[in-house]
Every structure is written in structure tokens, then in C-alpha cells.
Protein chains: 2
Amino acid sequence: MSEIRVRNPVIAKLQHATALRAEDRAVLEALTAQAIELPAHAELVREGDCPPHVHVVLSGFACRYKTLPDGGRQIMAWLTPGDFCDLHVAVLGAMDHAVATLSPSRLALLPRNGMEEITDRHPALARAFWWATLVDAAILREWLVNLGRRPGEQRIAHLFCELLARLRATGLAEDGEMDFPLTQADLADTVGLSAVHVNRIVQDLREAGLIKWRSGRLRILDVAGLESLAGFNPSYLHLLR
Amino acid sequence: MSEIRVRNPVIAKLQHATALRAEDRAVLEALTAQAIELPAHAELVREGDCPPHVHVVLSGFACRYKTLPDGGRQIMAWLTPGDFCDLHVAVLGAMDHAVATLSPSRLALLPRNGMEEITDRHPALARAFWWATLVDAAILREWLVNLGRRPGEQRIAHLFCELLARLRATGLAEDGEMDFPLTQADLADTVGLSAVHVNRIVQDLREAGLIKWRSGRLRILDVAGLESLAGFNPSYLHLLR
DNA sequence: CGGGCTTTTGAGCCAAATCAAAAATAGTGG
DNA sequence: CCACTATTTTTGATTTGGCTCAAAAGCCCG
């Protein structure tokens with residue numbers, strides 16, 4: 001009985017928040033049944049918008065980012081399968097940043113109106129959405145530490161450790177190996193370094209036997225080694241186990 | 001009729017979120033009636049805690065921060081009057097960072113149990129608390145841009161502009177002048193620079209006629225000039241007006 | 001008026017930026 | 001399946017913003 005389990009990443013992720021009953025899971029399945037496909041570098045939401053749907057990543061990578069007057073870009077979050085892109089916009093009224101895909105992606109669009117009804121009717125889901133939003137903020141805090149106080153090599157190592165932990169939590173990493181469809185320039189815009197310097201650091205990590213990265217796949221060869229280099233402690237992700 | 005208006009900073013701040021009825025304001029007044037006084041550098045909450053109260057700053061400055069293995073410290077938020085320190089901990093289960101005062105401060109302690117009852121009974125307050133949490137995250141995103149992509153001088157200029165806007169929103173800044181009880185070392189731990197370098201930048205800002213800063217007071221002499229140097233755009237604060 | 005912070009100054013150094021160009025990869029259409 | 005482009009990665013050389021270390025000067029406060 002080699003059954004293929006088609007996991008819904010949203011369910012897999014939110015299960016770290018609260019115990020979800022079959023009924024809650026069914027609601028999430030229904031919500032994410034309709035999806036759209038987008039190519040890489042498609043802008044889902046732009047700064048100032050108040051989009052009529054909540055976007056949820058089902059596959060692929062997206063990111064939050066801001067563009068500076070001088071053309072520079074700072075990526076402020078990687079959105080991986082299961083992540084909500086703009087849950088908060090109803091409360092804040094307008095996006096203070098843009099969201100775009102980093103790779104070809106599948107996105108679910110939840111009508112914003114329906115959300116309120118759902119959270120009223122399913123308190124566990126309301127709680128889970130809250131949790132997801134707060135974990136987003138916790139990740140942001142750790143990224144701030146990363147940029148403020150860690151040298152380049154540790155920054156990148158830390159980010160790789162985090163990504164592995166997050167993807168593992170949604171069942172999307174095996175044996176330290178995962179999709180990683182970003183360019184080195186994307187990575188540079190994430191960690192606040194130049195693309196050239198990122199390139200040299202990545203080479204160092206490769207030569208140290210810590211990672212293998214080619215054609216959109218990243219493999220952590222020595223998880224313990226990379227975590228200790230990065231000073232990684234996953235507690236800020238607030239995952240189970 | 002020179003009436004002295006004793007403003008409650010929590011009310012002043014949350015009024016930017018939703019229209020608060022007299023009833024809601026009365027609840028906030030009652031909640032923040034009881035306060036404790038703390039000296040500078042008192043640790044309110046430490047990493048891993050799940051404190052039994054929600055702390056709210058009434059006067060003085062506090063901060064969120066993490067300490068690194070090498071002794072380095074990264075400040076991840078300045079908590080000014082009206083700010084909640086640990087609203088989120090009930091959902092996440094444990095603090096992923098510490099909170100401490102930066103100056104002598106007055107704090108209100110709201111019993112965590114009471115919170116749920118209040119938000120159930122006063123939807124406008126529930127909404128306002130949500131808003132405050134999301135604005136916190138928006139500020140964090142802007143700080144990430146600050147550390148990732150702006151050179152030292154702009155970083156500090158931007159932070160000063162933000163502080164002015166926030167304090168003005170709670171009625172705590174007049175004519176570009178405000179309390180600023182931090183040391184240059186605190187500022188350095190906020191912007192991810194060394195204290196020595198912060199000192200040199202502050203001197204540059206002074207010599208450029210942009211700021212005046214002594215004995216715990218900061219005055220922005222040329223708001224427009226500082227904002228244009230920093231590339232400051234206040235929309236991420238989601239304030240009215 | 002003396003001791004502990006905090007701010008300031010100076011000198012030397014290093015991580016990371018910039019600029020420029022070559023090599024490798026990945027797409028695309030014929 | 002191959003040539004032709006465009007993007008991405010890599011290398012090298014040079015510059016610079018910001019760091020470290022160390023010590024002096026200024027301040028605050030009992």
C-alpha cells in the first residue's frame with residue numbers, strides 16, 4: 001500500500017500552532033482548493049495596496065521586500081509553502097511593503113470577506129492564524145539580529161539552518177535537502193550583503209563541506225556543523241518538538 | 001481655563017487604530033491605573049519566560065533585545081509610552097527574547113486572564129491590540145531595511161525620524177524635541193554599529209545642524225533635512241494623518 | 001572631590017563594497 | 001540538437017566604511 005500522501009502545506013504548518021480537528025482541516029482544504037500558478041518574479045501585492053484576497057503560498061518561494069530610492073532591495077521575509085502573504089492588511093489598511101514570487105509558484109487566494117466568518121466559526125483556526133502572524137514577527141526579530149550582529153558567513157549559515165527547520169516543519173525537506181530556487185543576488189538582498197561577497201561566502205561554506213548547492217537544490221551536508229557555526233537555536237520558530 | 005490634560009499614552013496611541021468610544025477609553029484607564037516604577041536596566045521579562053502579566057510602558061523607555069553567545073546585544077524594538085511589551089506571549093507560549101528598561105520607567109501590569117474577557121467584551125479594543133501588534137511588526141520590517149541597506153548615518157537619522165513620529169503620535173514630542181534617555185552604546189546596539197562609530201556619526205549630525213542631543217533630551221533642529229537624509233517615509237507606522 | 005559611567009579622539013586593521021571582466025549555465029528559437 | 005542570448009556565477013584588483021584597541025576627557029552624583 002504505497003499511498004501517495006498529498007500534504008497540504010498550510011495544514012502541515014498550522015498544526016504546529018494548535019491541535020486541529022478534522023473539521024478545521026477540512027475548512028483549510030476547502031480554502032486552499034483553488035489555486036493560481038505564477039511565474040518567477042511576479043509581483044503579487046505592491047506597497048500601498050489593500051488586496052481583496054489573502055494570498056497563501058502552496059508551492060514555490062515568494063518574498064516580502066521593499067525597494068529603496070537608490071534601487072537597492074531588502075527582502076524582509078521568505079514565504080515558503082504554507083505561509084500567508086498578507087493576512088494583516090485588513091487591520092492595517094494598506095501594505096507597507098510588496099510581495100513577489102522568487103520562483104514559479106502556486107498560490108491560493110482566499111476571499112478576504114470569507115475570512116472573518118471562518119475565524120468566528122472556527123476558533124482554532126483564528127488562533128492558528130494569530131500564531132502564524134506572530135511567528136512571522138519572531139522570525140523578523142531573528143533576522144534583525146542576523147543583520148545587526150552576525151558576520152556574513154554566520155548570517156548565511158543561520159538563514160540556511162532556519163530554512164531547513166521551516167521546510168522540515170511542513171514536510172518539505174528530507175535528509176537536509178530542499179528546494180532552493182533563489183539566485184545569489186536574491187540571497188544577497190536578504191542578508192544585506194553584496195552579491196559578490198555572498199558568492200565568496202557560499203564558496204567557503206562549500207569548501208568547508210557544510211553545504212552543497214546547485215540547480216535550485218540546497219543540501220546541508222553537516223547540519224550540526226552549520227548550526228554551530230551559525231549559533232542557531234530554533235526556539236524562535238515556536239515549532240513543536 | 002488652563003486645564004492640565006493628563007494624557008494616558010495607551011489611549012493616545014490606540015486612538016490611531018480605531019475610533020474608541022468613551023466606554024473603551026474607560027476600560028483602558030482602569031487597566032492602566034495600577035503601575036509600578038522601575039529603575040533603568042531592569043529586566044522585565046527574560047527569554048523563555050511566560051510572564052503572568054502583560055506589561056505596558058506608561059513612561060520611560062524599554063526595549064526588546066537578544067544577547068548573543070559572544071556577549072553582543074541586539075536591540076530589536078524601542079518600547080515607548082503606550083507600547084505593549086508582551087501581548088503575544090499567550091499565543092506563542094514563551095518569550096523568544098528579553099525585555100528591559102532603558103531608563104527609569106513606569107509600567108502597568110495587566111493580568112493576562114483578564115485580557116481575554118476584555119477583548120471578548122470590547123471588540124474595538126481587541127482590534128486595537130491587534131493593530132498595535134501588527135504595527136510593531138511593520139516597524140521591525142523597516143528596521144530590517146535600516147540594518148540591511150542603509151549606511152550608518154542614514155540608519156541613525158532614520159531612527160530619530162521614526163522616534164519623533166511615534167512620540168508625536170502619543171503627544172510626547174513638541175517642536176521636534178523629546179526625551180531620549182539612551183546612551184550611545186544603547187543606540188549602537190540598536191543600529192548594529194559599534195559605539196565608537198555611532199559617536200562619530202552623531203557628531204556629524206550635530207555639525208550638520210540637524211540635531212541637538214544632550215542630557216537625555218533630543219531635538220531635531222531640521223526635521224525636513226533629517227527626513228530627506230534618512231529617506232524617511234512614515235507610512236509604515238500606520239498612523240492617522 | 002573622587003570614582004564610575006559616558007563620550008570623545010587617534011591609529012591601525014579588516015570585512016565587505018565596488019568595479020570590471022571572464023567563465024559557466026540556462027533558456028530560446030530555428 | 002545546436003547556435004545564440006541572457007542570466008548567473010566566479011575571479012581579480014582596489015577602495016572604504018566601520019571595527020578594534022587604547023587612552024583621554026567630560027559628566028554625573030553621592
Side-chain angles (χ1 to χ4, degrees), chain A residues 39-42 61 68 70-75 100-104 146-159 179-207 211-218 229-230, chain B residues 39-42 61 68 70-75 101-104 146-159 179-208 211-218 229-230:
Chain A
H41 312 118
F61 279 48
L68 290 150
D70 71 345
R73 175 177 71 151
Q74 177 65 45
I75 291 177
T101 56
L102 287 167
S103 71
N146 220 22
L147 298 213
R149 284 288 172 239
R150 283 197 263 260
E153 193 174 48
Q154 281 184 42
R155 273 187 221 185
I156 291 177
H158 197 280
L159 206 53
D179 279 337
F180 192 69
L182 309 213
T183 65
Q184 293 184 3
D186 292 331
L187 184 52
D189 286 345
T190 305
V191 292
L193 299 170
S194 71
V196 171
H197 197 231
V198 163
N199 177 272
R200 297 196 229 264
I201 291 171
V202 167
Q203 287 178 62
D204 290 347
L205 293 175
R206 280 202 266 249
E207 273 155 37
I211 65 163
K212 192 175 252 178
W213 172 19
R214 48 179 292 275
S215 58
R217 296 283 296 174
L218 173 64
L229 169 66
Chain B
H41 312 119
F61 279 49
L68 291 150
D70 70 346
R73 176 176 71 149
Q74 177 65 44
I75 291 177
T101 56
L102 288 166
S103 71
N146 221 20
L147 297 212
R149 284 287 171 238
R150 283 198 263 259
E153 194 174 51
Q154 282 186 40
R155 273 187 222 187
I156 290 177
H158 196 281
L159 206 53
D179 278 337
F180 192 69
L182 310 212
T183 65
Q184 293 184 3
D186 292 331
L187 185 51
D189 286 345
T190 304
V191 292
L193 299 170
S194 72
V196 170
H197 197 231
V198 163
N199 178 271
R200 298 198 226 262
I201 291 171
V202 167
Q203 287 178 63
D204 292 346
L205 293 175
R206 278 202 267 249
E207 274 155 38
I211 65 162
K212 193 175 254 180
W213 172 18
R214 47 179 295 273
S215 58
R217 295 284 294 176
L218 173 65
L229 170 65

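In what follows, chains carry the letters A, B, and so on, assigned in the order in which the sequence lines appear, proteins first and then strands, with residues in each chain numbered from 1.
Atom CG in A/L193 sits roughly 16 Å away from atom P in D/dT10 (whole-Å rounding). Here D/dG18 presents its P atom at 13 Å from CZ of B/R149, a figure rounded to the nearest Å. As rounded to whole Å, 11 Å separates atom P of C/dA15 from atom CD of A/E153. As rounded to whole Å, 13 Å separates atom P of D/dT9 from atom CG of A/L218. Whole-Å rounding puts the B/L182 CG to C/dC5 C1' distance at 15 Å. When rounded to the nearest whole Å, the span between CG of B/L147 and C1' of D/dG17 equals 15 Å. At whole-Å resolution of the value, CG in A/N199 and P in D/dT9 are 8 Å apart. A/L187 places its CG atom 14 Å from the P atom of C/dA16, with the value rounded to the nearest Å.
Between B/W213 and A/R155, the residue anchored nearer the 5' end of DNA chain C, judged by the nucleotide with its closest heavy atom, is B/W213.
Residues A/V191 and A/L147 come closest through the heavy atom pair O-CD2, 3.3 Å. The nearest pair of heavy atoms linking B/A185 to B/A195 is CA-CB, 4.3 Å. Nearest approach of A/D179 to A/F61, heavy atoms of both residues: O-CZ, 3.6 Å. Of all heavy-atom pairs between B/F180 and B/L218, the closest is CB-CB, 3.6 Å. Annotation for B/V198 and B/Q184: closest pair CG1-O, 3.9 Å, computed over non-hydrogen atoms. The minimum heavy-atom distance between B/R155 and B/G192, with the atom names listed, is NH1-O, 3.8 Å.
Contact between the side-chain N/O atoms of A/Q203 and the OP1/OP2 oxygens of D/dT11 is found at a separation under 4.0 Å. Close to D/dT10, at under 4.0 Å from its OP1 or OP2, lies a side-chain N or O of A/Q184.
Between B/N199 and B/V196, every side-chain heavy-atom pair lies at or beyond the 4.5 Å cut-off.
Between D/dG18, D/dT8, C/dT9, one nucleotide has an atom nearer to the side chain of A/T183 than all others, and that is D/dT8. When distances are taken from the side chain of B/R206 to each of D/dC19, C/dT8, D/dT11, the shortest belongs to C/dT8.
Applying the salt bridge (Lys or Arg N to Asp or Glu O under 4.0 Å) rule to pairs touching residues 189-208 of chain B yields A/R149-B/D189, B/R73-B/D189, sequence neighbours excluded.
B/G192 comes within contact range of the sugar-phosphate backbone alone, with a heavy-atom separation under 4.0 Å but no base atom that close.
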Report, one pair per line, the protein and nucleotides 23-28 of chain D atoms (nitrogen or oxygen only) whose separation is under 3.5 Å.
none

If you restrict it to nitrogen or oxygen atoms, what contacts under 3.5 Å exist between nucleotides 18-24 of chain C and the protein, and what is each distance?
none

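At distances below 3.5 Å, not a single donor-acceptor pair connects side-chain atoms of B/T101 with backbone N or O atoms of B/P104.
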